[in-house]
Asks: 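Got a structure for you, written out below as structure tokens; questions coming shortly.
Keep in mind that this is a model prediction, so the values were computed, not measured. Only heavy atoms go into these numbers, but all of them, side chains included; no hydrogens, no water, no symmetry mates.
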Amino acid sequence: MAVIKAFPGIRPRRALAEKIAALPYDVYSRQEAKAEVEKQPLSFLRIDRAETQFPDDMDMYSTMVYQKARETLEEMIADGSFIQDETPSFYLYDLTMDGRTQTGLVGCASIDDYLNDIIKKHEKTRDDKELDRIRHVDVCNAQTGPIFLAYRRRENLTRLFQKIKQKKSVYDFTCEDGIRHQVWVIADRDQIEEITETFVAIDRIYIADGHHRTASAVKVGLKRRKENPGYTGKEAFNYFLSVFFAEDELRIWPYNRVVKDLYGHTPEAFLGLLQERFIVSDGEAVYVKPKSKKEVSMYLDGLWYRVKAKEGVISDDPVAGLAVSILQDNILAPLLGIVDIKTDTRIHFVGGIRGVLPLIDAIDKNGGAAFAMYPTTIEELFEVSDANLLMPPKSTWFEPKLRSGLFIHRI
């Protein structure tokens, strides 16, 4: 059973929501974050990336930076930029991109569900990446970045959400990137009870995106438990801010690969090596999307090639059978010498939302080969998580991305 809770959210005053809402803290470099804050002084990056309020030579992990984040949050609450709902509530959050809308439920998930594996993971976290958010949450005494969770659709929730969305939203704005954001408050006790009881019958929830933020929130919760040995389990620190999406609401984009060189092979020799395990089409001037995980579209020497795995190459294993694993195990490692994609500087990654032009530009300029992937499916993500396995790095790219600053959970 999954335990989720309504909470009295801290959220922007209606007139300021568009100005405050910001992309997740980790999609920006330091200079990009600072430029955003200079462009929009109310941006939530002032809190999520408080080093933007200091000179460039300030250590971004300084205690002063985290204290500044808390001070800024408290100032914005005090001056009315943020308001807090009087009663525990859930929230509906719609994101619309290119005419397609996905609806998420904003609430709080249980750290015990994470510890007991009801909340399933598919990515290994790194302590150094967790530490920053641990300190941020702990010092701010609040969770500011929602975790992206998925669950298997429940029809009663779909009907309920449709009913709720017939009312006027509290936020409705479109960002510069064209993404429309709408939010509804769910304060009705009967609706809150129906949502809560429905999740009790769900035995698995999946982290789609935000493994490090989840791990950080859980570790802060465990720290608070040690500091409060008489805790009951009902305290806010036992829960973390999340947005729950039914699996068919989500869209996963491909995570494409660009390799700087051919590991000493000529283009002709490399094409010959590929044909041992793949059926390789004639080169074409125009890009053609891969039709299944068996295919990858490769850009090499000014042409696009459709590279399709032969019989016996595809594995039934949930991880080895992923499109990114087929590429890694049969092309990148054995033919191009890229064994560890996390550390090898000869490879970089391009989110599918950017299209294939960055791939073409990189190869035309520097040589090498680029691979436009078939996207990992949400069902594959579930299968890997259910098997308690880990996906390779850079397996999924989710768009549109949740905005930070629209919902804050006090702990």
Asks: Run T174 and T96 through side-chain contact (heavy atoms from CB on, under 4.5 Å) and show every step you take.
Replies: CA-CA 9 Å; T174 300; T96 302; over 6 Å; no

Asks: Are the charged groups of K39 and E176 less than 4.0 angstrom apart, N to O?
Replies: yes

Asks: Distance from R251 atom CZ to E399 atom CD, nearest 0.5 Å?
Replies: 9.5 Å

Asks: Distance-only, no hydrogens or angles: does the R213 side chain make a donor-acceptor pair with backbone N or O of I147 under 3.5 Å?
Replies: no

Asks: Would you say the side chain of K394 lies within less than 4.5 Å of the side chain of V324, judging by non-hydrogen atoms?
Replies: no

Asks: Is the closest basic N to carboxylate O distance between D98 and R100 below 4.0 Å?
Replies: no

Asks: Would the distance check show the side chain of H122 and the main-chain N or O of F382 forming a donor-acceptor pair, the cut-off being under 3.5 Å?
Replies: no

Asks: Please determine whether side-chain contact (heavy atoms from CB on, under 4.5 Å) holds for the pair V296 and R257, giving the CA-CA distance in whole Å, both sets of side-chain angles, and the decisive distance to 0.1 Å.
Replies: CA-CA 11 Å; V296 61; R257 275 78 168 133; over 6 Å; no

Asks: Take a 6.0 Å sphere around NZ of K289 and say whether it holds more than 12 heavy atoms from other residues, nucleotides or ligands.
Replies: no

Asks: Quick one: pull up OG1 in T158 and CD in E249 and give me the separation to the nearest 0.5 Å.
Replies: 7.0 Å

Asks: I'd like to know if D112 and R225 make a salt bridge, using a cut-off of under 4.0 Å between side-chain N and carboxylate O.
Replies: yes

Asks: Hey, can you tell me if F148 and F245 have their rings parallel, tilted or perpendicular (30° and 60° cut-offs)?
Replies: tilted

Asks: Once you measure the plane-to-plane angle for F82 and F44, does it fall in the parallel (<30°), tilted (30-60°) or perpendicular (>60°) bin?
Replies: perpendicular

Asks: Counting neighbours of NZ on K121 that are heavy atoms of other residues, nucleotides or ligands and sit closer than 6.0 Å, is the number greater than 12?
Replies: yes

Asks: More than 12 heavy atoms of other residues, nucleotides or ligands under 6.0 Å from NZ of K219: is that the case?
Replies: yes

Asks: Strictly below 4.0 Å, N to O, side chains only: are D329 and R277 in salt-bridge contact?
Replies: no

Asks: Measure across Q40 and K19 and return the closest heavy-atom pair with its distance rounded to 0.1 Å.
Replies: CG-O, 3.3 Å

Asks: Checking side-chain contact (heavy atoms from CB on, under 4.5 Å) for the pair D117/K120: CA distance, chi angles, key distance, verdict?
Replies: CA-CA 6 Å; D117 210 31; K120 309 292 290 185; 2.8 Å; yes

Asks: Would R224 and N238 count as having a side-chain donor-acceptor pair, cut-off 3.5 Å?
Replies: no

Asks: So does R153 have more than 12 non-hydrogen atoms from other groups sitting under 6.0 Å from CZ?
Replies: yes

Asks: Keeping the roles fixed (side chain from W184, backbone from K167), state whether a donor-acceptor pair exists under 3.5 Å.
Replies: yes

Asks: Can we say D48 and R133 salt-bridge, meaning some charged N sits less than 4.0 Å from an Asp/Glu carboxylate O?
Replies: yes

Asks: Under the side chain to side chain donor-acceptor pair (under 3.5 Å) test, which residues partner D94, sequence neighbours left out?
Replies: T103, K165

Asks: Hey, what do you get for NZ (K310) to CD1 (I279), rounding to the nearest 0.5 Å?
Replies: 6.5 Å

Asks: Tell me if a side-chain donor or acceptor on H136 pairs with a main-chain N or O of I47 at a distance below 3.5 Å.
Replies: yes

Asks: Okay, side chain of D172, backbone of Q182: is any donor-acceptor separation there less than 3.5 Å?
Replies: no

Asks: Are a donor atom and an acceptor atom from the side chains of T125 and E130 found within less than 3.5 Å of each other?
Replies: yes

Asks: Is the shortest distance from a Lys or Arg side-chain nitrogen in R403 or D177 to a carboxylate oxygen in the other one below 4.0 Å?
Replies: yes

Asks: With a 6.0 Å cut-off on the ring centroids, do F7 and Y91 count as close?
Replies: yes

Asks: Is the shortest side-chain N to carboxylate O distance from R152 to E379 below 4.0 Å?
Replies: yes

Asks: Could you check D26 against K129 for salt bridge (charged side-chain N to carboxylate O under 4.0 Å, His left out), going step by step and ending with a plain yes or no?
Replies: CA-CA 10 Å; D26 53 357; K129 289 187 69 174; 5.8 Å; no

Asks: Does K5, at its NZ atom, have more than 12 non-hydrogen atoms belonging to other residues, nucleotides or ligands within less than 6.0 Å?
Replies: yes

Asks: Could you check, using the six-membered ring where one of them is a Trp, whether Y151 and F244 have ring centers closer than 6.0 angstrom?
Replies: no

Asks: Test your reading of the model: is there a side-chain donor-acceptor pair from N228 to the backbone of Y231, 3.5 Å cut-off?
Replies: no

Asks: Between E194 and N156, is any side-chain donor less than 3.5 angstrom from a side-chain acceptor?
Replies: yes

Asks: So that I can tick it off, tell me whether R410 and E74 are bridged by a salt bridge, with the cut-off set at under 4.0 angstrom between side-chain N and carboxylate O.
Replies: yes

Asks: Checking R46 side chain against P41 main chain: does a donor-acceptor pair fall under 3.5 Å?
Replies: yes

Asks: I'd like to know if K293 pairs up with E380 as an ion pair, taking the criterion as any Lys NZ or Arg NE/NH1/NH2 lying under 4.0 Å from an Asp or Glu carboxylate oxygen.
Replies: yes

Asks: Can any side-chain N or O of K34 pair as donor or acceptor with the backbone N or O of F54 at less than 3.5 Å?
Replies: yes

Asks: Start with the C-alpha distance between I363 and L300, add both sets of side-chain angles, then the distance that settles side-chain contact (heavy atoms from CB on, under 4.5 Å), and finish with yes or no.
Replies: CA-CA 7 Å; I363 302 309; L300 171 71; over 6 Å; no

Asks: Would you find more than 12 non-hydrogen atoms of other residues, nucleotides or ligands less than 6.0 Å from Y263 atom OH?
Replies: no

Asks: Measure the shortest side-chain to side-chain distance between L157 and L105 over non-hydrogen atoms and say whether it is less than 4.5 angstrom.
Replies: no

Asks: Suppose we screen for side chain to side chain donor-acceptor pair (under 3.5 Å). Which residues come up paired with D132, at least two apart in sequence or across chains?
Replies: Y66

Asks: Above 12 or not: heavy atoms from other molecules or residues under 6.0 Å from CZ of F349?
Replies: yes

